[in-house]
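The structure appears right after this line, and notes come after that.
Read the numbers this way: they start at 1 and go in the same order the structure lists the ligands and their atoms.
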Amino acid sequence: MSLVQARLKYLIELKEKPVQNLLYENENSTIPRRSLLKGGLATGVIALLSGCESRVDLRVRKGLKRPVGVSDRSWKNIRSQFILKRGVTYMNNASLGMPPAIVAEAVCEGYETISKEPLHGKHGLQEKILSETVPNLAKTFGAERDEVILTRNASEALHMQAAGLKLKQGDEVIITTQEHPAGQRPWMFRQKRDGIVVKEVFIPSPLESADDVMERFEDAITKRTRAISFCHVTRGGHHYPVKKLASMARDHGLVTLVDGAQAAGQFPIDLKDLGCDTYAVSLHKWMLAPAGTGFLYVRKDSREKIRSIFAPNPIIEKAPDFDPPGTKDFPVRAAIGTALDFVNTLGVENIEKRCRFLSDYLKSGLEEIKGVKLLSGQMSDISAPGSTIFEKEGLDAMASVPMMEERIGTHIDEHQRDGHNAIRISTHIYNNRAEIDRLLDAIARA
Ligand SMILES: Cc1ncc(COP(=O)(O)O)c(C=O)c1O
């Protein structure tokens with residue numbers, strides 16, 4: 001054995017374990033271990049030596065195609081793109097999505113870049129974010145490039161939009177009883193600090209209809225109302241009629257501020273078409289981007305109504321005024337582009353159909369279980385495709401979370417709102433019917 005050959009052998013042995021963990025931990029992975037070295041020793045070594053990047057390429061090359069149909073069989077290959085720990089079933093996407101391996105790798109690659117060469121690494125990532133990530137995000141969501149401001153999450157965007165709306169003492173803002181704390185607290189703060197009035201409209205679970213939501217809002221509007229602020233999709237998966245609400249608000253001369261944390265990635269969204277003034281997004285839930293990513297959309301012609309607390313010079317009309325200044329988590333932000341590519345390759349409309357297929361299956365199974373009351377609507381116009389909420393007589397929602405983890409290794413969440421002791425199951429493209437059957441069985445026994 002030559003010296004070079006011996007060195008290559010040593011490197012392969014040294015590197016094999018971590019690579020193996022990364023690529024094969026998911027029992028459904030379709031990438032054969034042998035393929036790492038397929039094409040000759042040199043290819044394998046290049047893959048092993050150059051860190052994150054070549055492993056990403058390997059995965060993308062091997063498996064990412066737009067699936068045809070909604071069945072588990074047609075999505076099996078997509079499932080293998082995720083590196084979920086063996087023995088764990090993840091059904092809590094509405095809290096934090098599970099990025100595919102290529103996204104984890106892109107973050108790793110970004111950190112490598114910035115650690116090897118901080119100055120140029122930072123500039124390179126900044127450039128990528130400005131020239132690729134933000135324009136691609138804007139395109140995906142039907143916005144203009146200058147209307148998108150990256151944030152760390154939806155909560156930050158919700159605080160920015162609520163804090164920025166021009167209001168005076170006595171002005172009213174209407175929200176609903178289904179808002180997430182991040183969509184409610186900034187208004188409560190303004191009520192206390194600025195003397196505005198926050199009116200909460202009661203919205204029942206399950207939703208009755210889109211018209212019912214419209215009527216409840218319309219009934220709450222008075223001469224003093226200045227804005228309406230609500231979720232596109234609530235924490236529990238209720239889908240509000242944003243376009244109609246925004247149009248109604250315009251007719252009344254009101255501003256519309258939307259919480260899109262649970263909507264982005266579940267179905268196609270065209271922000272221009274929705275007609276709202278602002279829209280707050282989480283990218284680390286259904287969009288499968290790295291944790292700590294989101295954005296705020298401020299419609300160009302609404303900038304006058306919503307001022308940024310970060311604007312150094314209020315005369316400048318450009319979107320960067322809204323951008324919180326300072327050093328950013330560049331590697332994480334740059335990796336949003338990889339998640340976007342992943343989601344857009346699969347097709348958001350395809351993802352919606354696949355998620356709907358799974359939650360319909362879950363809902364029909366839940367209906368068969370004695371003592372279960374579904375709190376999610378059945379119709380697609382009032383329920384999001386991924387999240388399902390229900391109560392079961394005698395089953396404490398809080399206790400059910402550790403119980404399902406202990407009994408069947410499945411991660412779910414509670415949804416205690418509006419006096420409901422509900423459980424939330426949020427399923428994404430990589431879940432399957434066998435996992436849902438196991439959960440249904442465990443719920444029936446609980
Ligand atoms: C409806 C809704 N809005 C806002 C948020 C906050 O999202 P983020 O964690 O991105 O700040 C959540 C989180 O679960 C949510 O469900």
* Asked: Rounded to the nearest 0.5 Å, how far does CD1 of I425 lie from NE2 of H415?
  -> 12.5 Å
Considering only non-hydrogen protein atoms, determine which one is nearest to [atom] and report residue, atom name and distance to 0.1 Å.
{"atom": "atom 6 (C) of ligand 1", "answer": "S155 OG, 3.4 Å"}
{"atom": "atom 15 (C) of ligand 1", "answer": "H180 CD2, 3.2 Å"}
{"atom": "atom 8 (P) of ligand 1", "answer": "S282 OG, 3.5 Å"}
{"atom": "atom 3 (N) of ligand 1", "answer": "D259 OD2, 2.6 Å"}
{"atom": "atom 16 (O) of ligand 1", "answer": "Q262 NE2, 2.7 Å"}
{"atom": "atom 9 (O) of ligand 1", "answer": "H284 NE2, 3.7 Å"}
{"atom": "atom 14 (O) of ligand 1", "answer": "K285 NZ, 2.8 Å"}

* Part of A94 within contact of ligand 1 (heavy atoms, under 4.0 Å) -> backbone
* Could you tell me whether A261 approaches ligand 1 through its side chain, its backbone, both or neither, with non-hydrogen atoms closer than 4.0 Å? => side chain
* Within a distance under 4.0 Å of any heavy atom of N153, pick out the atoms of ligand 1 and give their elements. => 8 (P), 10 (O), 11 (O)
* Going by the atom numbers of ligand 1, which of them fall below 4.0 Å from some non-hydrogen atom of C231? -> 1 (C)
* Asked: For the residue pair Y279 and H232, does the interplanar ring angle fall in the parallel (under 30°), tilted (30 to 60°) or perpendicular (over 60°) class?
  -> perpendicular
* Asked: Between H428 and W286, how do the two ring planes meet: parallel, tilted or perpendicular, split at 30° and 60°?
  -> tilted
* side chain to side chain donor-acceptor pair (under 3.5 Å) pairs, two or more places apart, involving residues 263-274 -> E144-K272, K243-D273
* **Set of residues satisfying side-chain contact (heavy atoms from CB on, under 4.5 Å) with respect to K223, sequence neighbours excluded** => none
* Tell me yes or no: between the side chains of D413 and S95, is some donor less than 3.5 Å from an acceptor? => yes
* Asked: Ion pair present between D171 and R190, side-chain N to carboxylate O less than 4.0 angstrom?
  -> no
* Quick one: does H159's side chain have a donor or acceptor within less than 3.5 Å of a partner on S155's backbone? -> yes
* Taking N or O atoms only and a 3.5 Å limit, does L158 qualify as a polar contact for ligand 1? -> no
